[in-house]
Asker: 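For reference, the structure I am asking about is given below.
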Amino acid sequence: MSPEKLARMANQIATFFRAQPAEDRAALVAKHLNDFWEPRMRRQLLDLVQAGHADLDPLVVEAAGRMRAPA
Amino acid sequence: MKDFVIPWDDADKGTPAKTGAPVTLTVDGIAVTVPEGTSVMRAAAEAGIQVPKLCATDSLEAFGSCRLCVVEIEGRRGTPASCTTPVADGMVVHTQTDKVAKLRRGVMELYISDHPLDCLTCAANGDCELQDMAGMVGLRDVRYGYEGENHVFARAGGEANARYLPKDESNPYFTYDPSKCIVCSRCVRACEEVQGTFALTIEGRGFDSRVSAGMAGDDFLTSECVSCGACVQACPTATLQEKSTVELGTPDRKVVTTCAYCGVGCSFEAQLNGDRLVRMVPWKHGKANRGHSCVKGRFAYGYAEHPDRILNPMIRESIDQPWREVSWEEAVGFAAGRLRSIQETHGRQAIGGITSSRCTNEETYLVQKMIRAVFGNNNTDTCARVCHSPTGYGLKTTFGTSAGTQDFDSVEASDVVVVIGANPTDGHPVFGSRLKKRLRQGAKLIVIDPRRIDLVRTPHVEAAHHLPLRPGTNVAVLTAMAHVIVTEGLVDEEFVASRCDTEAFEDWAAFVAEERNSPEATEALTGVPAAELRAAARLYATGGNGAIYYGLGVTEHSQGSTTVMAIANLAMATGNIGRPGVGVNPLRGQNNVQGSCDMGSFPHELPGYRHVSDDAAREVFEKIWGAKIDAEPGLRIPNMLDAAVSGEFKGIYIQGEDILQSDPDTRHVAAGLAAMDCVIVHDLFLNETANYAHVFLPGSTFLEKDGTFTNAERRINRVRRVMAPKNGYADWEVTLLLANAMGADWDYTHPSEIMEEIAATTPSFAGVTYALLEEKGSVQWPCNAARPEGSPVMHAESFANGKGRFMVTEYVATEERTGPRFPLLLTTGRILSQYNVGAQTRRTANTVWHQEDVLEIHPHDAEVRGVREGDWVKIASRKGETSLRAHLTDRVAPGVVYTTFHHPDTQANVVTTDYSDWATNCPEYKVTAVQVAPSNGPTEWQRDYAEQAGRARRILPAAE
């Protein structure tokens, strides 16, 4: 998947949870990614985060650290 | 297998059933007790006595015109019509006195004096109520002769008979023969009361009276008639007659089954001679349709015998080669070998499959089982991905269950109905008719849709409010409605306090109450006048039982899941949950969308909506399946295509879905399919996706297999085999062959065994057995120890997850924006006569109503572009362009254009984008920025596509 599309999808998720009244929004984003993203997509997202992809929502970056590491 | 006969009473009792206090009367010496309001005719029928009748039938209110059903009642003068006379306590009725017998013979004699005596060659011979009644009343002579004025003969006295009208054969499915009409008005009343179209009337008076469709000069085809067939079913003679019966003769046996078109899931009697299907007649005991149908279910089944249908398996090494017909063994062996070899080279995760929302629960269950247990991964998805996946996510988050809350009967108790992003009279016609019936009784209607759908104003129905929102602003509109409800104190505090998570409610209420969410603040964005929106919100909150029905105009957006949550919020805030007449009701697109979701088609969920990471749930299946299940979610359809383009996904088994035509961004789908080494298409026809396939496995129709479908109301209906599969195997058997070729050891011999496995593993289906379905006709899940007879209404006492959960629904604009290059918004939908990608309906006579997709454009937008009615126009988006003809109409607002996606020549999805719902990747079909310009005809892309499709469909002559 193109990095732009992956980043856009992750950012959409972050945008939804940012509006939710919760103590730990990053945990909600991480849970959504764990529950619905296939490991290869999560791996690619982690790679983007590590590479410092410019377009990622900060909440995605925060959530990435809390994501279950793909096997 | 013997015909299935349910021990239901199919007799026509003459007038509809009533509910009321018991009333006891005597009919011909037999005491009978019936509800107050029941007619004497029906009471007699309950006592086992049939009163002769012609204009009465129990699907219609009594009319009292034929005078054949007269009876004598002690203490009353004259001979009242039993159909229009209500029962009274202690009434003593005589149905067979000399006096009424003489009267009936006289009436009958008059009818027959103006009716042809061609019974033996008549299509209704043996199935004619006029014939039956002539026999029943003992008619022996017609003293008036046939020479006088009549409607029967084309010529009279050597001259043309001005009263005679020739047969109207304009409708492709039925004929209207005025010479056989007895003017009982049953057809007119069926069109009004059952269908609600009001296309028929009786024109003229007295002897000039006759049935007329539409306006003067119309025939049935040019009139507003929607060809639902209710009139044909109601007609007691051969006046309105199916052409199939004319051709094939009257049927001699019937099998009750379930329609395979939309999510209403109508029950039908397939009426046959031997294994030859003569006609489909809606089953009066069907709980979804209550004896009604639409043009698709009743008439559009001819695709099953269409010459395009592929009946032999085919393979090819690569997609540039022609197809080669092979044995089932070779085809399945070829497919299994390729899939395994892909896994050896590219890994276990490099293949997957798509289950079909058109196939049965049992078939869908098997496909996902094969993927999880035999492929060894969770790369399973279904076309619900592209339609109602946000419903699953949104309702599970708020209510705890991924399903609609009501049965269809519920609408009969609704006072206010909100229809959002759905077009029931086209997409879900039988529900549309049931809804219109309720609206004619006085229920109020609110329509939230960019387009002025028929329901906004149609005979005897007018929406109280139509909110014509700008596509993509659903969340803003619904949140503004919530703003009105909260800030004007219209919340059902008691319901919220007792049934919902109050902390979440407080957060939500504070959010929606913010000024920026008010109708006035969002008007510029949504295009909905604030005052109208406020009035609609007040009506929904205070008008009595409020029910919301919604469709893909809600889900197919970047914020599809958020919109579903916004709908659930509104229902909870107003206490419209948990009883008849209220609720949140997704109108499902395909016949078994609900079922395919229930059966674990999604890559993250096992059957019964249990996440694959749930160890206990996995263990249940691992034990029965004898295989390890991956604990990680698999790829969704769009993810599969992305992975295919990047070379990580190489093989796919697609059962009964045409993703190349139905999924967005056609070029991307084509690129994904072209990048794979093994595409297996299992379908009735060489569909568009098959242009990129290496293996074609012929499918079977719903008439050719046993199983179950689950409709939009969670109703599990039996599908019963009417004839043997023309391709040799039911679809579940084909999946079984493939799984076993890949090393499984499955030995199912009947779908009932698959249902036993589903019940054993899935708590909400625990009580479902074929025996129960035979007994009850159908059952709505959850069906288990707690609810052995199923659940018509959900969340009655508490929500599935305890407390209902309000979710904050912040509006986020889609990234698909209009601008100078693409100033218009394209939204898509469907029409009554065609279904989805049209694979079935395009291969029936339904094409007379819709031969091609057209672009609806507002006259203003057309004028500034120099586009006239019927012109070819090119529609272009950032993704692609296609051409089709324009239709100028103010049903769409300026700035909005609309089309359908039923025809592959148009390929509306060439222009749609790959933007998708944030939670589920459900594509954003409903919003695409486009430009429209005059054109000379099909685009280069369309010509290339047609050429490629032609090449890809070549089939080598079979080897000797």
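Every chain is numbered from 1 and lettered A, B, ... according to where its sequence line falls, protein lines coming before strand lines.
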Asker: Determine the interplanar angle of the A:H32 and B:W918 rings, folded into 0 to 90°, and report it as parallel if under 30°, tilted if 30 to 60°, perpendicular if over 60°.
Answerer: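 Correct class here is tilted.
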Asker: Could you list which of residues 666-675 of chain B have a heavy atom closer than 4.5 Å to any heavy atom of chain A, in residue-number order?
Answerer: B:H668
Asker: Say whether, by atom type as modelled, one donor and one acceptor occur between the side chain of A:E38 and the main chain of B:N379 under 3.5 angstrom.
Answerer: no
Asker: Under 4.5 Å from any heavy atom of chain B, what part of A:F36 do you find: side chain, backbone, both or neither?
Answerer: both
Asker: Give a yes or no answer on whether the side chain of A:R8 reaches the backbone of B:E815 with a donor-acceptor pair at less than 3.5 Å.
Answerer: no
Asker: Name every donor-acceptor pair, under 3.5 Å, that has one atom in a side chain of residues 44-52 of chain A and the other anywhere in the protein, sequence neighbours excluded.
Answerer:
residue : atom : partner : partner atom : Å
A:Q44   : NE2  : A:M1    : O            : 2.7

Asker: Taking A:R40 for its side chain and B:A643 for its backbone only, find out whether a donor-acceptor pair lies under 3.5 Å.
Answerer: no
Asker: Applying a criterion of heavy atom separation less than 4.5 Å, what residues of residues 803-814 of chain B form contacts with chain A?
Answerer: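 So far as heavy atoms go, B:M807, B:V808, B:E810, B:V812 are the residues that approach chain A to under 4.5 Å.
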Asker: Where does B:N378 contact chain A at under 4.5 Å (heavy atoms): side chain, backbone, both or neither?
Answerer: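 No part of B:N378 comes within 4.5 Å of chain A.
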Asker: For B:D917 and A:Q12: C-alpha separation, side-chain torsions, deciding distance, then whether side-chain contact (heavy atoms from CB on, under 4.5 Å) applies.
Answerer: CA-CA 8 Å; B:D917 173 49; A:Q12 278 183 290; over 6 Å; no
Asker: Who pairs with A:N34 by side-chain contact (heavy atoms from CB on, under 4.5 Å), at least two apart in sequence or on another chain?
Answerer: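 Only A:R42, A:M67, A:R68 meet the side-chain contact (heavy atoms from CB on, under 4.5 Å) criterion with A:N34.
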Asker: Go through the atoms of B:F511 and report whether side chain, backbone, both or neither lie under 4.5 Å from a heavy atom of chain A.
Answerer: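 For B:F511, there is no contact with chain A at all, as no heavy atom is under 4.5 Å.
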